[in-house]
Structure formats: structure tokens, C-alpha cells
K.L.:
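The following block contains the structure, expressed as C-alpha cells.
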Amino acid sequence: EVQLVESGGGLVQAGGSLRLSCATSGFTFDDYTISWFRQAPGKEREGVAFISTSDGTTFYADSVKGRFTISSDPAKSTMYLHMDSLKPEDTAVYYCAAVLKSLLGLVISTAPDDYPYWGQGTQVTVSS
């Protein structure tokens, strides 16, 4: 069974940092593309950070570019999202999501609907 479990969220002051983890199990880590999304209250789920599994190129939403970093540790089957210079507008539930690479080919999708597997989410709250 494919499982993704996020952790590392919490309450932080503006300008602070957090590192989110996405521990995975039930599948071969390297066979899947795993990305980060977030959903703020009253808003649609949006893509935050993506990594190309073919060459390691990273992609970020404009709103987080330069502040967030996506990385992975295949030995631990874990994805990370390091978030610096947090702003109140970063407040949201953060999710990691996975899709079999063979379904998308070399395309890195930013569309939540393309990802069939999701974690339960971890709350990030940034106070001003």
C-alpha cells in the first residue's frame, strides 16, 4: 500500500524556518515523482515545489521561489521541503503527493489532479 506521511509543520514567526518531511512506504521510491502542494483556507490546492527525477532540476511556485528548497533522500525514501523566510501568506496545510513516473514520462506536473497518492498533510502557521 502506497503511504506518504508528512511531518515537521508547526507555528513559526514570520521570517522563521521549518523543514517538512514526507516519509514514504509501500512503493519503490525511485519509481515515483513526489511533489509538494499546499492549501490555505478558502483557497484551491496549489503546487509549491517539484523536482525532476531525470536530472534533479527543481521548480518552484513564484510565491516561494528563493525561499523554499525541495530535496530528497532516496536511502530513507523521504522527501523534504525546507522553508526559509516564512511569511504569513505561507500559512496552509502542506501535502506531499506521488505519481508513478511512467504515467507522466519526463513531464513534471504541477496539477494536483495528476497525483493519485497523497499524505494527510501537515499544518504550517506563520504568525506576523
Side-chain angles (χ1 to χ4, degrees):
E1 178 186 6
V2 173
Q3 288 194 325
L4 301 95
V5 179
E6 303 94 337
S7 62
L11 174 64
V12 63
Q13 288 189 331
S17 299
L18 283 174
R19 188 181 78 161
L20 306 184
S21 299
C22 172
T24 72
S25 62
F27 62 92
T28 302
F29 188 78
D30 287 342
D31 289 344
Y32 283 72
T33 293
I34 302 171
S35 303
W36 286 97
F37 294 82
R38 69 184 180 185
Q39 188 165 20
K43 295 188 176 181
E44 293 187 354
R45 193 166 296 189
E46 64 170 346
V48 174
F50 309 86
I51 185 166
S52 168
T53 52
S54 61
D55 62 5
T57 302
T58 54
F59 305 87
Y60 300 93
D62 288 342
S63 58
V64 307
K65 202 171 296 183
R67 300 186 297 119
F68 289 14
T69 303
I70 185 173
S71 64
S72 67
D73 186 343
K76 295 182 178 180
S77 299
T78 300
M79 292 293 293
Y80 300 100
L81 183 67
H82 190 92
M83 307 184 293
D84 290 323
S85 302
L86 283 162
K87 305 175 181 180
E89 50 263 45
D90 294 319
T91 295
V93 178
Y94 284 72
Y95 301 89
C96 57
V99 58
L100 195 60
K101 285 183 195 177
S102 60
L103 292 180
L104 297 180
L106 296 179
V107 173
I108 301 299
S109 174
T110 62
D113 288 348
D114 284 341
Y115 292 78
Y117 304 107
W118 292 79
Q120 82 290 349
T122 185
Q123 176 71 47
V124 171
T125 303
V126 184
S127 63
S128 57

K.L.:
Restricting to non-hydrogen atoms, name the atom on Val93 and the atom on Gly121 that form the minimum distance, rounded to 0.1 Å.
P.N.:
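For Val93 versus Gly121, the nearest heavy atoms are CG1-CA, 3.8 Å.
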K.L.:
Nearest 0.5 angstrom please: Gln3 CD to Ser77 OG, how far?
P.N.:
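The distance works out to 12.5 Å.
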K.L.:
Identify whether Ile34 and Tyr80 are in the same connected component of the hydrophobic contact network (ILVMFWY, side-chain heavy atoms under 4.5 Å).
P.N.:
no
K.L.:
Which pair of non-hydrogen atoms, one from Arg38 and one from Glu46, has the smallest distance, and what is that distance?
P.N.:
NE-OE2, 2.6 Å
K.L.:
When you compare the side chain of Tyr32 with that of Val2, does any pair of heavy atoms fall below 4.5 Å?
P.N.:
yes
K.L.:
Salt bridge between Asp90 and Lys87, side-chain N to carboxylate O under 4.0 Å?
P.N.:
no
K.L.:
Please name the pair of heavy atoms, one in Ser52 and one in Phe59, separated by the smallest distance, quoted to 0.1 Å.
P.N.:
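Heavy atoms only, the tightest pair is CB-CE1, 4.2 Å.
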K.L.:
Which heavy-atom pair separates Asp114 from Val99 by the least distance, and what is that distance?
P.N.:
O-CG2, 3.3 Å
K.L.:
Working to the nearest 0.5 Å, report the span between CG of Asp113 and CZ of Arg45.
P.N.:
10.0 Å
K.L.:
Please report the closest heavy-atom contact between Tyr60 and Ile70, naming both atoms and the distance.
P.N.:
OH-N, 2.9 Å
K.L.:
Hydrophobic clusters here meaning ILVMFWY residues chained together by side-chain heavy-atom distances under 4.5 Å, can you tell me if Trp118 and Val5 are in one?
P.N.:
no
K.L.:
Closer than 3.5 angstrom, by distance alone: can the side chain of Ser109 be matched with the main-chain N or O of Ala111 as a donor-acceptor pair?
P.N.:
yes
K.L.:
Might you work through the side chain to side chain contact (heavy atoms under 4.5 Å, CB included) test for Thr122 and Ser7, ending with a clear yes or no?
P.N.:
CA-CA 6 Å; Thr122 185; Ser7 62; 5.6 Å; no
K.L.:
Find out whether Glu6 and Gln120 are in side-chain contact, i.e. whether some heavy atom of one side chain is under 4.5 Å from a heavy atom of the other.
P.N.:
yes
K.L.:
Here's a test for you: under ring-ring contact (aromatic ring centres under 6.0 Å, His included), which of Phe37, Trp36, Phe68 qualifies with Phe50?
P.N.:
Phe37
K.L.:
Closest heavy-atom contact between Ser128 and Ala14?
P.N.:
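Minimum heavy-atom separation between Ser128 and Ala14: CA-CB, 4.3 Å.
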K.L.:
Can you name the one residue among Thr78, Leu81, Leu4 that meets side-chain contact (heavy atoms from CB on, under 4.5 Å) with Cys96?
P.N.:
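For Cys96, the side-chain contact (heavy atoms from CB on, under 4.5 Å) test succeeds with only one of Thr78, Leu81, Leu4, which is Leu4.
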K.L.:
So Phe27 and Phe29, would you call those rings parallel, tilted or perpendicular, with 30° and 60° as cut-offs?
P.N.:
parallel
K.L.:
With a 4.5 Å limit on heavy-atom distance, are the side chains of Gln123 and Leu11 in contact?
P.N.:
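No. Closest side-chain heavy atoms not under 4.5 Å.
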K.L.:
If you apply the rule side chain to side chain contact (heavy atoms under 4.5 Å, CB included), what do you find for Leu20 with Met79, and how did you get there?
P.N.:
CA-CA 8 Å; Leu20 306 184; Met79 292 293 293; over 6 Å; no
K.L.:
If the condition is side-chain contact (heavy atoms from CB on, under 4.5 Å), which residues does Val12 pass it with, not counting sequence neighbours?
P.N.:
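For Val12, the residues satisfying side-chain contact (heavy atoms from CB on, under 4.5 Å) (neighbours in sequence not counted) are Leu18, Leu86, Val126.
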K.L.:
Could you go through Thr33 and Lys101, starting from their C-alpha distance and side-chain angles, then the distance that decides it, and tell me whether this counts as side chain to side chain contact (heavy atoms under 4.5 Å, CB included)?
P.N.:
CA-CA 6 Å; Thr33 293; Lys101 285 183 195 177; 3.5 Å; yes
